[in-house]
> 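Below is a structure I'd like to ask you about.
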Amino acid sequence: METINQILQKAKQRAQANNLPYAGALTPEEAQYIMSSAPGARLVDVRSRAELELVGRVPQALSIEWAFYPGMVANPDFAAHLDKQVDREALVMFLCRTGGRSHNAAVLANSMGYTEAYNILEGFEGATDPQTGQRGKINGWKAAGLPWTNS
């Protein structure tokens, strides 16, 4: 695996290439490597409690719901919870099901002054398999075989 600096440089290049307003975009494998190698780096899972309970979770990830199930009603306290749980100078990576809500969380974090906010591409479950209609087989955290649990 590359060094943390090399990984972050790639992530920043992805952000620049896609005009993203936050520090960078990481693959699930890169995010796992950073989480396990960089003291102080935080992974924030923004999926709903129902998703965490039914689909699985990443060990040691913080959980701050971007939206509540059912109805996916926006969490009006997301920014306040983030501020209480994550230092603004920390490297913070956001994860959701497929990368959409985590993108939005990284945008918000950047606007709040988190200069090292990253989105995790593909999310926890990744793309839908056109054959089966299921997620978790093509790409994403689970398909990459990265650590997760149902407990």
Side-chain angles (χ1 to χ4, degrees), residues 1-2 4-69 71-128 135-136 138-149:
M1 181 55 92
E2 299 165 299
I4 292 171
N5 286 336
Q6 290 170 324
I7 291 169
L8 295 178
Q9 188 58 35
K10 274 181 150 176
K12 289 176 185 202
Q13 289 170 350
R14 287 184 200 114
Q16 288 172 347
N18 292 293
N19 295 315
L20 302 174
Y22 42 82
L26 296 161
T27 67
E29 295 88 350
E30 292 167 342
Q32 168 60 29
Y33 182 78
I34 289 170
M35 190 169 79
S36 65
S37 303
R42 305 303 305 258
L43 192 152
V44 178
D45 193 326
V46 302
R47 294 176 297 148
S48 70
R49 295 258 184 257
E51 289 172 290
L52 296 174
E53 291 171 13
L54 295 171
V55 181
R57 65 186 73 230
V58 176
Q60 289 130 16
L62 294 172
S63 174
I64 306 173
E65 293 175 280
W66 180 258
F68 302 113
Y69 180 86
M72 298 314 283
V73 176
N75 177 358
D77 299 320
F78 182 87
H81 288 291
L82 181 63
D83 236 4
K84 283 182 186 173
Q85 296 180 57
V86 180
D87 186 304
R88 288 188 186 211
E89 294 187 18
L91 187 156
V92 59
M93 303 170 286
F94 295 96
L95 177 73
C96 68
R97 182 180 68 178
T98 59
R101 286 172 284 173
S102 54
H103 163 81
N104 293 337
V107 169
L108 175 64
N110 182 71
S111 74
M112 293 170 62
Y114 289 83
T115 58
E116 291 296 314
Y118 294 81
N119 181 29
I120 300 174
L121 302 168
E122 304 167 8
F124 187 75
E125 292 184 82
T128 303
R135 295 184 185 276
I138 295 176
N139 59 15
W141 192 276
K142 284 176 84 172
L146 300 173
W148 68 279
T149 180

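Just so it is clear, the model here is predicted, and its values are computed rather than measured.
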> So that I can tick it off, tell me whether Arg47 and Glu125 are bridged by a salt bridge, with the cut-off set at under 4.0 angstrom between side-chain N and carboxylate O.
no

> What is the distance from atom CD of Glu116 to atom CZ of Arg42, rounded to the nearest 0.5 Å?
15.5 Å

> If we ignore hydrogens and angles and just use 3.5 Å, is the side chain of Arg101 paired with the main-chain N or O of Cys96 as donor and acceptor?
no

> Checking side-chain contact (heavy atoms from CB on, under 4.5 Å) between Gln32 and each of Leu146, Leu43, Leu26, Thr27, which is the one that passes?
Leu146

> Which heavy atom of Ala90 sits nearest to which heavy atom of Gly40, and what is that distance?
CB-O, 3.8 Å

> Does any non-hydrogen side-chain atom of Leu121 lie less than 4.5 Å from one of Arg14?
yes

> Can you check whether Asp77's main-chain N or O pairs, donor with acceptor, with Asn75's side chain at less than 3.5 Å?
yes

> Phe94 versus Leu82: any side-chain heavy-atom pair under 4.5 Å?
yes

> State, yes or no, whether a side-chain contact exists between Tyr114 and Asp83 at a heavy-atom distance under 4.5 Å.
yes

> Got a donor-acceptor contact below 3.5 angstrom from the Asp87 side chain to the Glu89 backbone?
yes

> So, the side chain of Asn139 versus the backbone of Ala127: is there a donor-acceptor pair under 3.5 Å, distance only?
yes

> Check for a donor-acceptor pair, side chain of Trp141 on one end and backbone N or O of Pro147 on the other, with a separation under 3.5 Å.
yes

> Which value, rounded to the nearest 0.5 Å, describes the distance between Tyr69 atom OH and Glu53 atom CD?
11.5 Å

> Considering non-hydrogen atoms only, spot the tightest contact between Ala117 and Ala109 and give its length.
CB-CB, 4.0 Å

> Side chains of Leu52 and Glu65: does their closest heavy-atom pair fall under 4.5 Å?
no

> Which heavy atom of Ala15 sits nearest to which heavy atom of Ala23, and what is that distance?
CB-O, 3.7 Å

> For Gln9 and Glu2, run side-chain contact (heavy atoms from CB on, under 4.5 Å): C-alpha distance rounded to whole Å, both residues' side-chain angles, the deciding distance at 0.1 Å, then the answer.
CA-CA 11 Å; Gln9 188 58 35; Glu2 299 165 299; over 6 Å; no

> Within the 4.5 Å heavy-atom criterion, are Val46 and Phe78 side-chain neighbours or not?
yes

> Sequence neighbours excluded, which residues qualify as side chain to side chain donor-acceptor pair (under 3.5 Å) partners of Ser111?
none

> Could you tell me whether the side chain of Ile34 reaches within less than 4.5 Å of the side chain of Leu91, counting heavy atoms only?
yes

> Tell me the closest heavy-atom pair linking Pro28 and Gly123, and the distance in Å.
CG-O, 4.4 Å

> Which distance, rounded to the nearest 0.5 Å, do you find between the CG of Asn104 and the CG of Asn119?
9.0 Å

> Applying side chain to side chain donor-acceptor pair (under 3.5 Å), can you list everything that pairs with Arg57, at least two apart in sequence or on another chain?
none

> Calculate, to the nearest 0.5 Å, the distance between atoms CE and CD belonging to Met93 and Glu30 respectively.
11.0 Å

> First locate atom CD of Gln60, then atom CG of Asp45, and finally report the distance between them rounded to the nearest 0.5 Å.
13.0 Å

> Take a 6.0 Å sphere around NZ of Lys10 and say whether it holds more than 12 heavy atoms from other residues, nucleotides or ligands.
no

> Please examine the side chains of Val55 and Arg135, heavy atoms only from C-beta on, and report whether any two atoms are closer than 4.5 Å.
no

> Using 0.5 Å steps for rounding, measure from the CD1 atom of Ile120 to the NE2 atom of His103.
14.5 Å

